[in-house]
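Contents: one structure, followed by commentary.
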There are 2 protein chains.
Amino acid sequence: MDRRAELAEQVLDYVLEHGLIGLSLRPLAAALHTSDRMLLYHFGSKERLVGEALALAQRRLAASVAPPGPDVRTVGQLVRHLWAELQSPPGIQATRLYLDLSVLATKEPARWSGAVERLRGPWRGPLRDGLVLFGVPAAEAPALADLILGTLDGLSLDRLVAEDSARADAALTAFADLLDARPLPAGDHGGDHRENPART
Amino acid sequence: MDRRAELAEQVLDYVLEHGLIGLSLRPLAAALHTSDRMLLYHFGSKERLVGEALALAQRRLAASVAPPGPDVRTVGQLVRHLWAELQSPPGIQATRLYLDLSVLATKEPARWSGAVERLRGPWRGPLRDGLVLFGVPAAEAPALADLILGTLDGLSLDRLVAEDSARADAALTAFADLLDARPLPAGDHGGDHRENPART
DNA sequence: TCCTCTCTGTAGCACCTGCTACATGCATGA
DNA sequence: TCATGCATGTAGCAGGTGCTACAGAGAGGA
């Protein structure tokens, strides 16, 4: 019972470190000072073991989402803030896990795409809400949130893989500038938008 | 000799269809009406087989890059054009291959990151040049090109995996609008920029 | 005709995979 | 004291992996 939850934590740590795709029970068990026999005893199967580790990952990620500080005033600054968080070690690990899950989902969508969506959930909702707070019209917020998530994904991937990591940083800066230079909507949707498009 | 090049083509087709990550010689050989024995005879090892298939993929990709038609006049339209190409079957296959390679590169950078970079090359260079033609100052073009590539990657990934494929489309439209609403640079870098920010 | 060289089929190697049968130690409750 | 149930180690299963040893088939040149 409790041992199982404890093992799930360690399994997740191992997965964040070594990736989900090549995961094999025996090396995993060795790193956790157990045997594959014991892992299967506690979890029943590899599939359930992975499932519990992923559920735990989602809970950890949801708990780590924090609203930005008061110095974040524009959408561009928000994006820079998210980028900085994504480049921290836990952010990189989460990105790698997300990437592994995406690849698995392209191979077996029925089995994995739910997990991808679930891991993304803790970011998408708060981001939409946050954008509205920054004066983005509610009608545009979902698409803009998805754009930001997608761009952060793509650039994180680039930075993860490419030899020249400064390239992704420069691209993100261009993105943030682009967002802050965005013209204010003509309509009167927004409430107290504290947008401040001071560029450069 | 010739048989080997012919096999490389078929191997690449198979890899584009089934992914690079779980690639196994026996199912591959069966699909090609040969045996693993023969594949190893012609290529020497699995590693070299994959290497030749990837080199071929790069050549194919480079050959498929074509300048956009005359109806593409703004950066936003260019991005929409690239997006449409990426959603075609070969574009999706290339994206999946790029994704698999990225995952492999996070696990063994020394072995794979070169291949990722090489596969990306045929797009990055022409995109930079294309941006300059559209009036983007030469100093900003590289970062903007990387931003566009990264965003296309991230949104393609989203669309590949997510149940709701319209989400990525909406996000890309927001991106294109954002690019076309971009303020013209104050400096006088650009040559004949035919920018025409007619939005909506 | 014989020899050699290129190609290919069969069988197998050592190793890895998830998973399981069996036996055992150990603590707890009747 | 005995029995029950939980936890764990050992050994092994069937199937997969890349790769190889060996034997042949067939074509071409001497």
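All heavy atoms count here, side chains included; hydrogens, waters and symmetry mates do not. Fair warning: this is a prediction, and the values are worked out from it, not measured in the lab. So that the names make sense, note that chain A is the first sequence line, chain B the second, and so on, each numbered from 1.
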>> Treating primed atoms plus P, OP1 and OP2 as sugar-phosphate and everything else as base, which nucleotides of nucleotides 14-27 of chain D get B, S or - for protein heavy atoms under 4.0 Å?
In response: ---BBBBBB-----

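- Taken from CG in B/L160 to CG in B/L155, the straight-line distance is 12.0 Å, to the nearest 0.5 Å.
- Checked by atom type and distance alone, the side chain of B/T151 never pairs as donor or acceptor with a backbone atom of B/I148 at under 3.5 Å.
- Evaluation of the side chain to side chain donor-acceptor pair (under 3.5 Å) rule for B/W83 yields B/D169 as partners, not counting sequence neighbours.
- With rounding to whole Å, B/R3 atom CZ is found 11 Å from C/dC7 atom C1'.
- The separation between A/L28 atom CG and C/dC16 atom P is 16 Å, rounded to whole Å.
- A search for salt bridge (Lys or Arg N to Asp or Glu O under 4.0 Å) contacts involving A/E163 returns nothing, not counting sequence neighbours.
- Between B/K107 and A/D100, at least one side-chain nitrogen of the basic residue sits less than 4.0 Å from a carboxylate oxygen of the acidic one, meeting the salt-bridge criterion.
- In this structure, CG of B/D2 is placed 11 Å from P of C/dC7, rounded to the nearest angstrom.
- Contacts between residues 100-111 of chain A and DNA chain D, defined by a heavy-atom separation below 4.0 Å, involve no residue at all.
- For the pair B/E6 and B/R3, the salt-bridge criterion is met [side-chain N within less than 4.0 Å of a carboxylate O].
- With rounding to whole Å, A/L39 atom CG is found 14 Å from D/dG9 atom C1'.
- In this view, B/Y14 and B/H18 satisfy the ring pair (Phe, Tyr, Trp, His ring centres under 6.0 Å) rule, not counting sequence neighbours.
- An end-to-end axis angle of 30° holds for the helix from C/dT1-D/dA30 to C/dA30-D/dT1, taken from five base pairs per end and rounded to 10°.
- B/P122 places none of its side-chain heavy atoms less than 4.5 Å from the side chain of B/R59.
- Checking side-chain atoms of B/S45 against main-chain N and O of B/R48 turns up a donor-acceptor pair under 3.5 Å.
- Between A/M38 atom CE and C/dC19 atom C1' there is a gap of 13 Å when expressed in whole angstrom units.
- The phosphate of C/dC7 (OP1 or OP2) has no side-chain N or O of B/H42 nearer than 4.0 angstrom.
- From B/L16, atom CG reaches atom CG of B/L56 across 9.0 Å, with rounding to the nearest 0.5 Å.
- Salt bridge annotation for A/R120-A/D146: absent, with no cationic side-chain nitrogen under 4.0 angstrom from a carboxylate oxygen.
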